[in-house]
Colleague: 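Below are the structure tokens for one structure; questions will follow.
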Protein chains: 2
Amino acid sequence: MAQPQLEFWFDFGSTYSYPASQRIQALAREAEVQVRFRPFMLGAIFKAQGWSTSPFNLYPAKGRYMWRDLARICTELSLPLVRPEPFPQNSLLAARVAVAAADEAWLGDYCVQVFREAFAHGRPIADAGIIQSVVERFATDALRFLELAQTAEIKERLRAETERAGEMGIFGAPTFVAADGELFWGNDRLESALAWARSTHAAQRS
Amino acid sequence: MAQPQLEFWFDFGSTYSYPASQRIQALAREAEVQVRFRPFMLGAIFKAQGWSTSPFNLYPAKGRYMWRDLARICTELSLPLVRPEPFPQNSLLAARVAVAAADEAWLGDYCVQVFREAFAHGRPIADAGIIQSVVERFATDALRFLELAQTAEIKERLRAETERAGEMGIFGAPTFVAADGELFWGNDRLESALAWARSTHAAQRS
């Protein structure tokens with residue numbers, strides 16, 4: 001029988017997507033919900049709202065609070081946290097590789113690891129060498145995914161994903177989307193999103 | 001022995017301050033934390049960030065999500081929810097009356113009830129008659145508080161409170177502030193804020 005579905009929309013540069021990415025696989029397994037990782041370019045959404053960079057940079061008080069809040073969250077989860085410099089990191093290559101690997105069983109593990117590179121180790125995820133080393137953990141033909149990432153088809157597919165995110169009403173990351181289109185924004189809504197996915201799935205089958 | 005303290009900074013027009021206001025007294029009692037209600041003018045903080053109105057109005061996707069998220073939260077808490085029109089309500093009078101009643105034992109109950117007028121009944125809280133009827137629940141000399149609210153001293157005190165909110169790094173509401181200055185933003189951080197207030201208080205005394 002098919003499991004309930006939940007889409008995890010995120011940007012590899014998004015701060016609150018980091019703890020969400022580290023939590024979602026175990027929580028989803030426990031809840032028996034199938035998660036689909038869907039990277040998109042949050043910067044393009046911000047640009048459409050008139051923002052040239054992250055609101056955490058544009059609004060200093062909001063930014064200061066976010067870093068403090070994120071530190072508290074990571075402490076509670078025993079997750080290491082390094083502040084990526086510059087912030088936000090350019091996530092384009094990492095996202096394109098994820099789109100190229102959309103059908104691979106290791107997509108989720110790749111995403112989890114890219115977040116660790118950025119936020120646990122402070123490594124530059126715009127660097128092809130870093131991304132290649134992550135893919136090599138999961139695939140013997142890592143270079144193929146790096147090459148695919150540079151094709152017009154993959155670039156266009158990521159653009160389409162970002163456009164779709166905007167059409168769905170996504171304005172920040174992480175956003176969890178249930179099969180019925182219900183949106184849940186923020187790492188702190190992950191549990192609610194999983195519960196929603198389960199209960200709507202059960203209702204549809206009864 | 002003195003209880004741990006927590007400040008509850010809010011604007012009567014703020015949507016997420018509504019569930020926070022309805023939850024905080026019982027949760028604080030349970031946690032043995034003393035809460036101080038501190039209304040301020042969020043619109044002035046927004047203006048300083050270059051926003052002419054609530055970000056929920058400026059950014060439609062964010063606004064649509066907020067109303068949906070708030071409805072889910074209120075459903076879970078069995079709180080009625082009416083969308084105030086216009087949004088946000090002008091909260092100036094309600095806040096000035098709260099400042100005038102800062103030393104009254106019923107300040108918290110007054111604030112809880114003003115939020116109910118706005119968000120459970122959809123009543124215009126800028127209306128002096130509505131605010132007076134709330135004060136009359138708690139004080140026999142209700143008119144005195146309405147009159148005080150129009151004095152230069154109280155107006156100035158509310159301005160000073162708002163300025164202080166900005167200086168403390170407050171950029172949204174609700175914000176909970178522990179005795180050591182730690183900030184917690186959002187209704188969903190209330191439990192963490194109470195736990196923080198307790199643990200820092202215990203650490204200071206040991």
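Worth knowing before you read on, the calculation uses all heavy atoms, side chains too, and leaves out hydrogens, waters and symmetry mates. We name chains A, B, ... by the order of the sequence lines, and we start the count at 1 in each one.
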Colleague: When only heavy atoms count and the cut-off is under 4.5 Å, which of residues 102-119 of chain A reach chain B?
Modeller: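 The list, in residue order, is empty: none.
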
Colleague: Can you confirm whether B:E85 is buried at CD, in the sense that more than 12 heavy atoms of other residues, nucleotides or ligands lie under 6.0 Å from that atom?
Modeller: yes

Colleague: Just to be sure I understand the criterion: a residue of residues 154-191 of chain A counts if one of its heavy atoms is under 4.5 Å from a heavy atom of chain B. Which ones qualify?
Modeller: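 So the qualifying residues are A:G169, A:F171, A:E182, A:L183, A:F184, A:W185, A:D188, A:R189.
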
Colleague: Go through the atoms of A:I45 and report whether side chain, backbone, both or neither lie under 4.5 Å from a heavy atom of chain B.
Modeller: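 Neither part, no heavy atoms under 4.5 Å.
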
Colleague: More than 12 non-hydrogen atoms from neighbouring residues, nucleotides or ligands closer than 6.0 Å to CD on B:E30, yes or no?
Modeller: no

Colleague: Output the option from B:K62, B:R72, B:Q49, B:R64 having the highest count of non-hydrogen pairs under 4.5 Å with chain A.
Modeller: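 The option with the most such pairs is B:R72.
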
